[in-house]
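Below: the structure, in structure tokens.
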Amino acid sequence: MTAPHSVVDPRPAGEREFEVLDPATGTVISTVPDADAAAGRHAADTAAAAFPGWAATAPRRRSEVLAGTHRLMVERTEELARLISRESGKAQADARAEVAYAAEFFRWFAEEAVRPDGRFGTAPDGRSRTLVAAQPVGVAALVTPWNFPAAMVTRKVAPALAAGCTAVLKPAAETPLTALAIADILREAGAPAGALTVVPTTRPGDVVQALLEHDAVRKLSFTGSTAVGRLLLRQAANRVVNCSMELGGNAPFIVCADADLDAAVEGAVVAKLRNAGQACTAANRFLVHEAVADEFIAALAEAFAARTVGPPSDPGTDIGPLIDARAVRRIRALVDDAVGRGASLAHAPAAVPETGSFLAPLVVRDVPRDADLATTEIFGPIAPVLTWRDLDDVIASANATEYGLAGYVFSRDTARAVAIGRSLDCGMVGVNRGIVSDPAAPFGGMKQSGLGREGAQDGIRAFQETQFLSVA
Ligand code: NAD
């Protein structure tokens, strides 16, 4: 793969640049243009100019571009995975899995692009026909986080383009290279200039505000923290911009006394340690029935201790570095606080490299319910375990959070597990499994974890406007 280049088109002259760092070593991987508000406006102009042509392009042709992008991403799995690993610190196996997941959004939405739904009917009084059809909402502003540098991009770009929208993508400053590489692939697969413009920046506030103030921008699709989501909802209100929000989580992982503990531990490892715990769907609180708590904790501690923490360049690494040293300090403080309040470590943490932002996975037991470790989004490889006796209590405690993204339930009695799952205020629930992400299923949160859904049929609707014609 050629070195990724900016697809800000044309690239404004005299632009500043910023450095992209490798979190395992702190070394500079590359530099990219640092967009400012003017570059954001220019990108929106470019997308606006391309919009009528792309919206009028036959769905079959749009579908072929997306299908071609899927094919090229799969062919280039190794190169893309290396790039993801380098800029985000993700272990190689996690990075390859991300490429497969990310590419799948192009395949799924290539299939959805040619299945636009609509309705035709007769008004109840018999005097008019009702024609309902979808239209692309317009230019979309897409804002993505660093933790899944490919999948968070493709989960927005693929449905936006499938619907006939053009888009401006502002990737996280930590991981712009994967976004630029995907934009290059999209263009190679036949997307016209202006269909997607990428604006890497260290000034996200300025650039996103410029996008939201631009007359052509009719949609904001944001993935990131709840705090920034709230801020952007306020800004979007000024022009009543249509918003989709994929925000933070605090997923409960409930283990019942009758759970298959091997399956629960296997699920817990995936739900907690995928991407070193830096996933919005990561299990954040392990709520384990007191009858099986000791056994579960011992098995989970053994599984955690067996994971190798190291640089992602090493193929034997299971867990790479966290995104930066600040994240390590923040999480260590959460653990120290919980231990100060009576919690204890279930095992000795594994050795980690001395340089780079590494943190060993850790099971922490007897965590007080109101400790920050249990109430805030950890975003790292730490598993706080709390015990329970009464089912109503544990459901109330699982729901006692402003978040409602993912949840997990383990019980051998599937009907009971499903019933518990249905009582959780979570947009997604894993029943006897530790992973919920699936491009063909609606991904998103309840409460302050978000608005709307990505993936499935819902994903394309987020980029469409419904129009009704009353025909005499
Ligand atoms: P973040 O909110 O700090 O940043 C997300 C994006 O917003 C980045 O592109 C960033 O540059 C941009 N941004 C930051 N400040 C901004 C501002 N003032 N105006 C406009 N844009 C701004 O989040 P993060 O640290 O990159 O990602 C971690 C968070 O994302 C976690 O809370 C995680 O749960 C959440 N997340 C949610 C999902 C989901 O699907 N629900 C998926 C992945 C991550």
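The chain is numbered in sequence order, starting from 1. Whatever order the structure lists them in is the order used to number ligands and atoms, beginning at 1. Because the structure is predicted, anything quoted here is derived from the model rather than measured. The analysis underlying the following values was restricted to heavy atoms, covering all of them including side chains, and did not include hydrogens, waters or symmetry mates.
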- prompt: Is it true that the NZ or CZ of Lys90 lies under 6.0 Å from the centre of Phe148's six-membered ring and within 45 degrees of the ring axis?
  reply: yes
query: Among all protein non-hydrogen atoms, which one is nearest to atom 31 (C) of ligand 1, and what is the separation to 0.1 Å?
result: Glu377 OE1, 3.4 Å
- prompt: What is the nearest protein non-hydrogen atom to atom 7 (O) of ligand 1, stated with its residue, atom name and distance?
  reply: Phe222 CE1, 3.2 Å
- prompt: In terms of heavy-atom contacts, does CZ of Arg341 have more than 12 from other residues, nucleotides or ligands at under 6.0 Å?
  reply: yes
message: How far is atom 8 (C) of ligand 1 from the closest protein heavy atom, and which atom is that?
response: Thr144 O, 3.3 Å
- prompt: Which bit of Met152 is near ligand 1, meaning a heavy atom under 4.0 Å away: side chain, backbone, both or neither?
  reply: side chain
query: Any idea which protein heavy atom is nearest atom 44 (C) of ligand 1, and the distance to it?
result: Asn147 ND2, 3.4 Å
message: What protein heavy atom lies closest to atom 11 (O) of ligand 1? Include the residue and the distance to one decimal.
response: Lys170 NZ, 3.0 Å
- prompt: Can you find a non-hydrogen atom of Arg155 under 4.0 Å from ligand 1?
  reply: yes
- request: Check each heavy atom of Leu232 against ligand 1 and say whether those closer than 4.0 Å belong to the side chain, the backbone, both or neither.
  value: side chain
- prompt: For atom 38 (C) of ligand 1, what is the nearest protein heavy atom, given as residue, atom name and distance?
  reply: Cys280 SG, 3.0 Å
query: What is the closest protein heavy atom to atom 4 (O) of ligand 1, and at what distance does it sit?
result: Gly224 CA, 4.6 Å
query: Taking everything shown except Arg218 itself, do over 12 heavy atoms lie less than 6.0 Å from its CZ?
result: no
query: Do Asn250 and Arg285 meet the criterion of a side-chain donor-acceptor pair at a distance under 3.5 Å?
result: yes
query: Does NZ or CZ of Lys219 come closer than 6.0 Å to the centre of the six-membered ring of Phe463, within 45° of the ring's axis?
result: yes
query: Using heavy atoms and a threshold below 4.0 Å, how should the contact between Thr226 and ligand 1 be classified: side chain, backbone, both, or neither?
result: neither
query: Side chains of Gln448 and Arg230: do they bring a donor and an acceptor to under 3.5 Å?
result: yes
statement: Closest heavy-atom approach to atom 21 (N) of ligand 1 among Pro176, Pro204, Ala172, Ala179 is made by Pro204
statement: Here the gap from Phe106 atom CZ to Leu186 atom CG, rounded to the nearest 0.5 Å, amounts to 5.0 Å
- line: shortest atom 3 (O) of ligand 1-to-protein heavy-atom contact is with Ser225 OG, 4.0 Å
query: Protein heavy atoms: any of them under 4.0 Å from atom 18 (N) of ligand 1?
result: yes
field: Region of Phe379 engaging ligand 1 - heavy atom pairs below 4.0 Å
entry: side chain
task: Select the closest option to atom 15 (N) of ligand 1 among Asp324, Val228, Asn275, judged by heavy-atom distance.
output: Val228
